[in-house]
Amino acid sequence: MIRKKEGFEGQRAIVLPRKVIAGPCTADPLINSLYITDIGYYPKARYHFRERSHGTDQHILIYCREGRGTATVGGREYHLGPEDFILIPAGSPHHYASDDTDAWTIYWVHFKGPRAADAVASMERRFGGYLGQVNFQQKRLGLFEDMYASLERGYGSDNLSYANMCFWHYLSSFLFEEPFSLSEKHESHDAVEQSISHMRDHLAASLTLSDLAASANLSASHYSAVFRKRTGYSPLEYFHHLKVQKACQYLLFTDMRIKEIAFSVGVEDPYYFSRMFSKLMGVSPQQYRLRRGA
């Protein structure tokens, strides 16, 4: 039996760059009281195991959708089944593991902020501990997908604000189980959204500002102004963020070499790629790869 932190078919995860957490997340009064630092989904995660003997500086919410697992928080063991969830407070020594025969499918979020401990304390009071149970609601998974999809599109101010305000709603779905709903989704046709979709579809390309402006049917100068006003970043800077985000996925979930990853996200010079990655993430690609796990 080989326990592992990650490596499950269909897994997804996003770890926000340190500079985004230290910058927009903590500076924006709209979201700085409670914000996501990591988010992911591990389906049928057989042999999943994670141990942090000294805890972490983030709070963790793990929602078990299917299967079974166990978690030990502060010396107390909890058993999780379908529709159970567990909260792990920041600083608490813990470990958790999927059941060997009935592997769990989990949705997990790491979060922090001045109000994060209050949210954890409220849930602990309500459920008499760190373990709780909810009834299945597709809308809850919809909220998770909204948060993930928004962060997956980059770290513009709108994306960060929307994802983190959704997170309040997501937490409340566990704390209160009140009726809640998602806004009806409509396909967006505005220039910035079309441009971001174009970026995501061409992460392996070396697109110029002119290429991106043309995809939005705008002049380069007007396009740059509109894009920066909406996202807070220049188009090329945003494009680089998406490339690095994709590179993070490769580093977390594959054994591809750094050179191969650089080429896969449209950067031919691996040294330039490493500098670009380190500038945004605060660590080198090699160091980031060592941080694998939920």
Restricting to ring-ring contact (aromatic ring centres under 6.0 Å, His included), what partner residues turn up for Y41, sequence neighbours left out? Y107
Mark yes or no: K229 above the aromatic ring of F227, with NZ or CZ under 6.0 Å from the six-membered ring centre and no more than 45 degrees from the axis. no
Using a 4.5 Å cut-off on heavy atoms from C-beta on, say whether the side chain of V20 contacts that of L160. yes
With side chains defined as the heavy atoms from C-beta onward, is the minimum distance between Q286 and I258 less than 4.5 Å? yes
For D201, the salt bridge (Lys or Arg N to Asp or Glu O under 4.0 Å) test, sequence neighbours excluded, returns none
For the atom pair NZ (K243) and CD1 (I261), what is the distance rounded to the nearest 0.5 Å? 13.5 Å
Once rounded to the nearest 0.5 Å, what's the spacing between atom NZ of K4 and atom OG of S98? 10.5 Å
Let me check something: do F263 and M256 share a hydrophobic cluster, defined by ILVMFWY side-chain heavy atoms less than 4.5 Å apart, either directly or through other members? no
Can you find a pair of side-chain heavy atoms, one from L141 and one from F136, that are under 4.5 Å apart? yes
Stepwise side-chain contact (heavy atoms from CB on, under 4.5 Å) check, T254 with R289: CA-CA 10 Å; T254 77; R289 176 163 265 165; 4.1 Å; yes
Closest approach of T26 to I21 (non-hydrogen atoms, all atoms of both residues): CG2-O, 3.0 Å
Are more than 12 heavy atoms from other residues, nucleotides or ligands located less than 6.0 Å from atom CZ of F49? yes
Quick one: do D211 and T208 satisfy side chain to side chain donor-acceptor pair (under 3.5 Å)? Show the steps, please. CA-CA 5 Å; D211 294 330; T208 65; 3.1 Å; yes
Quick one: does Q245's side chain have a donor or acceptor within less than 3.5 Å of a partner on L151's backbone? yes
Taking the side chain as everything from C-beta on, heavy atoms only, tell me whether F85 gets closer than 4.5 Å to L61. yes
State whether D100 and R3 are salt-bridged, where the test is any N-O pair (Lys NZ or Arg NE/NH1/NH2 against Asp/Glu carboxylate O) under 4.0 Å. yes
Residues Y170, D146; criterion side chain to side chain donor-acceptor pair (under 3.5 Å); working and verdict: CA-CA 10 Å; Y170 185 70; D146 267 9; over 6 Å; no
About how many Å separate NE2 of H169 and CG of N164, when rounded to the nearest 0.5 Å? 15.0 Å
Classify the angle between the aromatic ring planes of W104 and H48 as parallel (below 30°), tilted (30 to 60°) or perpendicular (above 60°). tilted
In this structure, CG of D57 is separated from OG1 of T37 (nearest 0.5 Å) by 7.5 Å
State yes or no: do V265 and Y271 share one hydrophobic cluster built from I, L, V, M, F, W and Y residues joined by side-chain heavy-atom distances below 4.5 Å, directly or via other members? no
Tell me whether the rings of F144 and Y148 are parallel (<30°), tilted (30 to 60°) or perpendicular (>60°). parallel
Counting only heavy atoms not in E268, do more than 12 sit closer than 6.0 Å to its CD atom? no
Using the ring-ring contact (aromatic ring centres under 6.0 Å, His included) criterion, which residues pair with Y78? Sequence neighbours excluded. none
Y238 (side chain) donor-acceptor with R153 (main chain) under 3.5 angstrom: yes
So, does E83 use its side chain to make a donor-acceptor pair with the main chain of C64 at under 3.5 Å? no
Which word best sums up how the rings of F174 and Y63 line up, parallel for under 30°, tilted for 30 to 60°, or perpendicular for over 60°? perpendicular
State whether E9 and R46 are salt-bridged, where the test is any N-O pair (Lys NZ or Arg NE/NH1/NH2 against Asp/Glu carboxylate O) under 4.0 Å. no
Answer yes or no for K246 and Y250: cation-pi contact, defined as NZ/CZ to six-membered ring centre under 6.0 Å and angle to ring axis within 45°. yes
Minimal non-hydrogen separation, P270 against A262, with atom names: CA-CB, 4.2 Å
Do P114 and N32 make a side-chain contact, defined as non-hydrogen atoms from C-beta onward lying under 4.5 Å apart? no
Judged by atom type as modelled, is there a donor-acceptor pair below 3.5 Å linking the side chain of T72 to the main-chain atoms of H95? no
Start with the C-alpha gap between E152 and I14, add the side-chain angles, then the distance that decides, and say whether side-chain contact (heavy atoms from CB on, under 4.5 Å) holds. CA-CA 7 Å; E152 192 176 39; I14 293 173; 4.0 Å; yes
If I take atom NE2 from residue H94 and atom NE2 from residue H54, how far apart are they, to the nearest 0.5 angstrom? 12.0 Å
Correct closest heavy-atom pair for S157 and R230 would be OG-O, 3.8 Å
State the CZ-OH distance between R76 and Y130, to the nearest 0.5 angstrom. 9.5 Å
Would you say that R65 contacts I106 through its side chain, given a criterion of any heavy-atom pair below 4.5 Å between the two side chains? no
Does the cation-pi check pass for R228 over Y233, that is, NZ or CZ under 6.0 Å from the six-membered ring centre and within 45° of its axis? no
Only one of R12, R140, K139 passes salt bridge (charged side-chain N to carboxylate O under 4.0 Å, His left out) with E145; say which it is. R12
Got a donor-acceptor contact below 3.5 angstrom from the H198 side chain to the Q194 backbone? no
Kindly say whether E193 contributes a backbone atom to a donor-acceptor pair with the side chain of S197 at under 3.5 angstrom? yes
Quick one, S278 with R275, criterion side chain to side chain donor-acceptor pair (under 3.5 Å). Give me CA distance, side-chain angles, the key distance, then yes/no. CA-CA 5 Å; S278 299; R275 291 195 299 273; over 6 Å; no
Chi angles and distances behind the ring-ring contact (aromatic ring centres under 6.0 Å, His included) call for F111, Y35: CA-CA 6 Å; F111 59 100; Y35 52 86; 9.5 Å; no
Nearest non-hydrogen partners of R50 and R52, listed with the distance: NE-NH2, 3.5 Å
Given the rule in the side-chain contact (heavy atoms from CB on, under 4.5 Å) test, do V244 and F239 qualify, once you have shown the distances and angles that lead to the verdict? CA-CA 9 Å; V244 169; F239 190 35; over 6 Å; no
Apply side-chain contact (heavy atoms from CB on, under 4.5 Å) to residues H241 and L280 and explain how you reach the verdict. CA-CA 8 Å; H241 284 188; L280 179 62; 3.5 Å; yes
Within-4.5 Å side-chain heavy-atom neighbours: L87 and E124: no
Kindly give the heavy-atom pair with the smallest separation between S173 and V134, and that separation in Å. O-CG1, 4.2 Å
Which is it for S284 and Q287 under the side chain to side chain donor-acceptor pair (under 3.5 Å) test, yes or no, and what are the steps along the way? CA-CA 5 Å; S284 69; Q287 291 171 319; 3.3 Å; yes
Give the minimum heavy-atom separation between L131 and H79, together with the two atoms involved. CD2-O, 3.7 Å
Do side-chain atoms of S219 reach the backbone of H222 as a donor and acceptor pair under 3.5 angstrom? yes
Would you say NZ of K259 has more than 12 non-hydrogen atoms from neighbouring residues, nucleotides or ligands within 6.0 angstrom? no
Is there a donor-acceptor pair under 3.5 Å between the side chain of K19 and the backbone N or O of G282? no
Could you tell me whether a side-chain N or O of S195 sits under 3.5 Å from a main-chain N or O of A191, the two making a donor and an acceptor? no
Side chains of L16 and C25: closer than 4.5 Å at any heavy-atom pair? yes
